[in-house]
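Structure first, commentary second.
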Amino acid sequence: MTKPTCLVKPVSLTKITGRYLVHQESLPKLPVPPLNQTCERYLSILEPIVDPEALKHTNRLVEEFQLPGGVGERLQKSLERRASRLPNWLSDWWLNTAYLDYRLPVVVHSSPGVVLPRLEFTDSQDQIRFTAKLIAGVLDFKSMVDNETLPVEYLHGKPLCMNQYYQILSSCRIPGIKKDSVVNHALSTDPPTHIIVVHKYQDGRALTENELYIQLEKIWNTFPQPNEEPIGILTSNHRDRWGKAYTNLLKDKTNMISVQEIQRSIFTVCLDAPMPQVSNEMYHTQAAVQMLHGGGSQWNSGNRWFDKTLQFIIGEDGTCGVIYEHAPAEGPPIVALIDHVVEYTKKSEMIYTPTVLHPMPRKLHFNITPEILKDIEEAKENMNTLANDLDVRVVVFCYFGKNVPKSYKMSPDAFIQMALQLAYYRLYKLYCATYESASLRMFRLGRTDTIRSASTDSAHFVQAMDDPAMQNPEKVRLLERAVRAHRAYTDMAIQGQAIDRHLLGLKLQAIEDSLAIPKIFMDTSYVKANHYKLSTSQVPAKTDCVMCFGPVVPDGYGVCYNPMETHINFAVSAFNSCADTNATRLASALQEALLDMRSLLDQTLKSKL
Ligand code: COA
């Protein structure tokens with residue numbers, strides 16, 4: 001049985017001024033792990049993914065790095081000083097390195113999409129009615145953020161940093177020529193009170209649920225024709241290109257005012273046109289495509305402003321979801337907001353009370369010069385190339401969910417990660433550097449660290465699994481050991497003791513201190529360890545939804561999953577331009593691996609009972 005879902009209930013009906021800050025200040029600071037601990041753990045994660053000769057060389061570099069009085073010690077001390085000075089030694093560096101300095105398009109390469117449960121709309125009225133409820137649901141959640149009454153979340157009994165909730169509404173990414181920035185208008189003295197409705201590239205203004213419906217209807221009826229140019233597609237381009245086009249776009253005052261309205265809005269609602277028809281089996285996959293990039297310029301890719309932190313997408317056919325710009329937040333706060341909104345939309349039908357007549361939603365105008373038109377054409381072309389390159393497969397694995405691993409006293413997340421290791425090994429006969437996000441929200445302003453799912457223990461298990469000479473009890477023992485090792489790494493990561501952010505910190509500290517980059521970071525093992533052919537994340541939700549994102553390397557996979565109690569939703573992505581990868585193949589191998597692992601446990605452990 002899945003847990004009953006319910007609306008998030010505010011901890012108070014009135015505003016509790018200062019509650020957020022008091023909570024934040026009570027949280028511990030992110031620690032800097034001991035240098036020798038990270039060095040030792042770094043060598044052990046390399047074992048399954050680099051060859052013995054390379055490992056020997058890296059061993060020597062690591063030894064030299066941590067010599068008493070050496071560069072490692074010097075950087076560690078510098079990093080510790082930084083940690084004592086700042087609320088979080090990592091957060092600014094991470095925001096810049098992972099997001100704002102990253103120049104590939106945010107579409108596919110950074111922004112995750114979320115596919116919501118399918119709805120049946122019979123006409124545009126249904127679409128508008130649902131949209132009005134959804135907007136009201138987001139505003140209901142926003143009132144908890146504004147009033148500082150959002151309940152504090154916990155992980156393993158520890159309170160979590162709530163900062164990300166304060167970053168996702170009324171914020172937007174701003175392109176730059178070499179580096180982007182993020183603005184959060186919720187923190188301004190005059191916080192925004194409007195939303196943007198993108199419908200055939202048009203805009204709107206939000207009120208109460210009933211009034212919202214009327215306003216949306218006005219938009220629908222008054223602006224039936226699409227704008228001539230899908231201006232929003234500019235936001236899908238390579239960041240340097242968009243940064244340049246942005247400067248050009250804003251030279252015109254009308255354009256500047258329109259762009260500022262979008263950036264200042266609380267969030268965006270995209271009323272999408274239908275996507276190409278697909279079979280029922282491919283519904284979720286097609287929906288993931290729609291959420292991730294909109295299907296290309298001839299479909300819905302222009303019906304977006306990809307820099308906007310939160311965009312809700314409501315298709316004419318009932319396909320609904322979200323795309324969010326990743327810089328301000330990770331998936332879990334976004335999904336918590338979505339859970340609330342979905343539950344809100346299930347509340348009884350709207351009551352049609354007489355309402356005040358509100359002004360007509362204001363259309364945003366853009367003056368398109370020949371140069372802007374050229375930028376739009378270039379963005380369209382690049383968007384279409386990217387859309388054609390993305391290979392996605394969403395699977396609802398309906399044979400079991402968290403219930404089966406739990407019944408065998410195993411961590412469901414670790415079980416799924418081991419299935420992924422097995423699936424990958426079966427396809428490639430190799431182990432690859434694998435990334436799983438671990439929350440650092442137990443610490444003030446914490447974001448994520450990396451759980452290294454490919455370990456010596458996972459390698460032993462996957463090798464044994466298909467070895468005909470190996471007996472089942474031994475396979476089970478290796479599986480249990482691998483699952484325990486994964487869970488132990490997870491615990492270490494969420495306690496701020498994983499290796500990846502620490503190593504990144506040491507490297508960035510060297511740059512900040514104007515020192516030469518230490519050799520361990522120039523080593524091929526380090527490059528290999530950071531080339532994540534499997535980039536994975538669990539984003540659990542109460543809603544039966546699935547988050548999806550693109551691969552982080554050209555020859556890799558992105559895998560996101562929502563493990564429910566009796567089924568698991570998976571989204572697998574790859575690039576068509578890589579001949580070695582195929583999202584459907586990995587998704588099938590993953591399902592097979594999960595089924596084989598359960599059979600192994602059933603056959604071996606149940607027969608013992
Ligand atoms: N026996 C029985 N049950 C077990 C168990 C065991 N040995 N180990 C765990 N479980 C149970 C847990 O109690 C939990 O129960 P619940 O369903 O009632 O809550 C459930 O199984 C899930 O636990 P597990 O699968 O181990 O995972 P987790 O919930 O601890 O999550 C992470 C692990 C890594 C996903 C989580 O710590 C995390 O960091 N999440 C954030 C990831 C993130 O930020 N992603 C976004 C990127 S955009």
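Counting convention: from 1, in listed order, for ligands and their atoms alike.
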Legend entry - salt bridge (charged side-chain N to carboxylate O under 4.0 Å, His left out), paired with E325, selected from R304, K308, R173: R173

Legend entry - Distance (rounded to the nearest 0.5 Å) between Y489 OH and T450 OG1: 7.5 Å

Legend entry - Note: D413-R487 ion pair, threshold 4.0 Å (strictly below): no

Inset, instruction - Answer yes or no: does an N/O atom from S537 fall short of 3.5 Å to an N/O atom of ligand 1? - result: yes

Legend entry - Selected option - heavy-atom contact closest to atom 41 (C) of ligand 1, from G401, P333, S439: S439

Inset, instruction - Report the part of P112 in contact with ligand 1, treating N, CA, C, O as backbone and CB onward as side chain, heavy atoms under 4.0 Å; options are side chain, backbone, both, neither. - result: neither

Inset, instruction - May I ask you to check whether H486 and F461 place their ring centres under 6.0 Å from each other? - result: no

Inset, instruction - Using distance alone, determine whether E436 and ligand 1 share an N or O pair under 3.5 Å. - result: no

Inset, instruction - Within a distance under 4.0 Å of any heavy atom of A438, pick out the atoms of ligand 1 and give their elements. - result: 39 (O)

Inset, instruction - Take every heavy atom of H326, measure it against each atom of ligand 1, and state whether any distance is under 4.0 Å. - result: yes

Legend entry - Atom indices of ligand 1 within 4.0 angstrom of H156 heavy atoms, with elements: 30 (O)

Legend entry - Enumerated ligand 1 atoms positioned under 4.0 Å from heavy atoms of I451: 34 (C)

Legend entry - N-O pairing of K475 and D596 below 4.0 Å: no

Legend entry - Y324, any N or O under 3.5 Å of ligand 1 N or O: no

Inset, instruction - For T490, take its heavy atoms, then give the atoms of ligand 1 lying under 4.0 Å from any of them. - result: 34 (C)

Legend entry - Option among R426, Q421, M470 that satisfies the side-chain contact (heavy atoms from CB on, under 4.5 Å) test with M465: R426

Inset, instruction - Using a strict 4.0 Å threshold on nitrogen-to-oxygen distance, state whether E25 and R444 make a salt bridge. - result: no

Legend entry - Closest to atom 9 (C) of ligand 1 among S411, P405, G331 (heavy-atom distance): S411

Legend entry - Identity of the nearest option to atom 10 (N) of ligand 1, non-hydrogen atoms only, from A414, A493, P412, P563: P412

Inset, instruction - Output yes when R477 and E480 qualify as a salt bridge under the 4.0 Å nitrogen-oxygen rule, no when they do not. - result: no

Legend entry - Salt-bridge present (K542, D339; N to O < 4.0 Å): no

Inset, instruction - Nearest heavy atom to atom 4 (C) of ligand 1 wins, so pick from E330, M410, K409. - result: M410

Inset, instruction - Ignoring angles and geometry beyond distance, decide whether D413 reaches within less than 3.5 Å of ligand 1 through its nitrogen or oxygen atoms. - result: yes

